[in-house]
A.B. asks: 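One structure follows; several queries about it will come next.
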2 protein chains.
Amino acid sequence: MSISSRFSVGIHILALIEINKNGTSTSEFLAGSVNTNPAVIRKIIGMLKGAGLVKVQPGIAGAELAKNLSDITLFDVYKAVNVVQEKELFSVHDNPNPDCPVGRNIQAAIVPVFEAAQKALEKSLGNVSVENVVDDIIKKENIS
Amino acid sequence: MSISSRFSVGIHILALIEINKNGTSTSEFLAGSVNTNPAVIRKIIGMLKGAGLVKVQPGIAGAELAKNLSDITLFDVYKAVNVVQEKELFSVHDNPNPDCPVGRNIQAAIVPVFEAAQKALEKSLGNVSVENVVDDIIKKENIS
DNA sequence: TTACATGTAACTATCATAGTTACAACTAGA
DNA sequence: TCTAGTTGTAACTATGATAGTTACATGTAA
Ligand code: FES
Ligand code: FES
């Protein structure tokens, strides 16, 4: 199991819109950098738009940032592209046997632990902004 | 996306072996509590055995714990049943465009952040032992 | 009116999960 | 030694998500 690359692509898109801010970031342009199909980009941009992270309009070329990148954390992107449902990072087998002491209690015993772990993951993502990522890219680019 | 229920089933199996320690925990017995097929249980028990968590022998009925449950954390089970590969909780789209400043740097910029998040998740799982889960089950069972 | 973008639907290929059936290998007890 | 019962595995199926692809209606602006 792996969390969908929509997440990394979403970050990529936001970073590239920023770095290309003097140009026009069409889905085709973005697709060229990510190396995928423009329709895939448009789908993901639609999700970012739904979360209020970018501005796009039908017929008008180019996506723009709707917020300052320092106000967008990776957790925001993660939520926007919907790669993991609320409280459902871990799946729990359903229909355990209610006639068994373990079967009728293990879900209640396990779920809070799973939720805490998911929270820890998400908190970690919330500590990094997309601006941090862009700064890192710029730094790496200047060195090499 | 969701992490395989092999994980929750693995925890279930270990907890039930403990609670049923005076009886014989065959794959059929365990399957009755988890509510699945005995072959599914045998596959998962094989993984738990590979990680040194349980003892089983061909032809001999019943699985037993190979360690004290207080020495088995949920992280140990998680590793054992192989639900998430090392450093691969998040998938990153490959083949980004090397001619693009973002394309050629974003992987290096993102991967450490993803790894830190995965580590946070795993550390959280490491804080809970299967014994904690069993104790919780017993407590819930006595109250109700 | 023309050229070009976005938004979406429909479809495909690929893969992991979970379950199912079947059977060989093995053990222990009659 | 036979027999019954169990584990370990392979092979197969059904289901669902991912990622990509094509196509096209809708919309904008020169
Ligand atoms: S089936 Fe999940 S704990 Fe019993
Ligand atoms: S950062 Fe992933 S393709 Fe560019």
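The chains referred to below are lettered A, B, ... by the order of the sequence lines, with proteins before strands, and numbering in each begins at 1.
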A.B. asks: If I take atom NZ in residue B:K43 and atom P in nucleotide C:dA22, what distance separates them, rounded to the nearest angstrom?
C.D. replies: 15 Å

A.B. asks: Side chain of B:T26: nearest nucleotide among C:dT20, D:dG20, D:dT7?
C.D. replies: D:dT7

A.B. asks: Taking only the side-chain heavy atoms of A:S91 (C-beta and beyond), determine which of D:dG8, D:dA19, C:dA18 contains the nearest atom.
C.D. replies: C:dA18

A.B. asks: Do NZ/NE/NH1/NH2 and the carboxylate oxygens of B:D136 and B:K140 come within less than 4.0 Å?
C.D. replies: yes

A.B. asks: Of all the choices, D:dA19, C:dG7, C:dG19, which nucleotide is nearest to the side chain of A:R6 once you look at every atom?
C.D. replies: D:dA19

A.B. asks: Find the distance A:I60:CD1 to C:dA5:P and express it as a whole number of Å.
C.D. replies: 13 Å

A.B. asks: Given atom CG of B:N37 and atom P of C:dA22, what is their separation to the nearest angstrom?
C.D. replies: 12 Å

A.B. asks: Looking at B:G32 and A:N97, what are the two nearest heavy atoms and their distance?
C.D. replies: O-ND2, 3.0 Å

A.B. asks: Determine the contact category for A:V40: base if any of its heavy atoms lies under 4.0 Å from a base atom, sugar-phosphate if only primed atoms, P, OP1 or OP2 are that close, otherwise nothing.
C.D. replies: base

A.B. asks: In whole angstrom, give the distance that lies between atom CZ of A:F7 and atom C1' of D:dA19.
C.D. replies: 18 Å

A.B. asks: Using heavy atoms to find the nearest nucleotide of DNA chain D for A:T36 and B:A63 separately, return the residue whose nucleotide is more 5′.
C.D. replies: B:A63

A.B. asks: Roughly, in whole Å, what's the span from CD in B:E28 to C1' in C:dT20?
C.D. replies: 15 Å

A.B. asks: Can you tell whether the side chains of B:K119 and B:E122 come within less than 4.0 Å, N to carboxylate O?
C.D. replies: no

A.B. asks: Angle class for the A:F90/B:F7 ring planes (parallel below 30°, perpendicular above 60°, tilted otherwise)?
C.D. replies: tilted

A.B. asks: Would you mind telling me which residue lines up with the more 5' stretch of DNA chain C, B:V83 or B:P38, judged by nearest nucleotide?
C.D. replies: B:V83

A.B. asks: In whole angstrom, what separates A:I44's CD1 from D:dA19's C1'?
C.D. replies: 9 Å

A.B. asks: In whole angstroms, how far is the C1' atom of C:dA5 from the CD1 atom of A:I41?
C.D. replies: 14 Å

A.B. asks: Report which part of the nucleic acid A:A61 touches: base, sugar-phosphate, or nothing (heavy-atom distance under 4.0 Å, all strands).
C.D. replies: sugar-phosphate

A.B. asks: Taking NZ, NE, NH1 and NH2 as the nitrogens, is one of them in A:K79 or A:E86 under 4.0 Å from a carboxylate oxygen of the other?
C.D. replies: yes

A.B. asks: So, is A:S4 near the phosphate of D:dA17, with a side-chain N or O under 4.0 Å from OP1 or OP2?
C.D. replies: no

A.B. asks: Once you round it to whole Å, what is the distance between P of D:dG5 and CD of B:Q57?
C.D. replies: 20 Å

A.B. asks: To the side chain of A:R42, which of C:dG19, D:dT22, C:dT6 is closest?
C.D. replies: C:dT6

A.B. asks: Does A:S27 put a side-chain nitrogen or oxygen below 4.0 Å from OP1 or OP2 of C:dA5?
C.D. replies: no

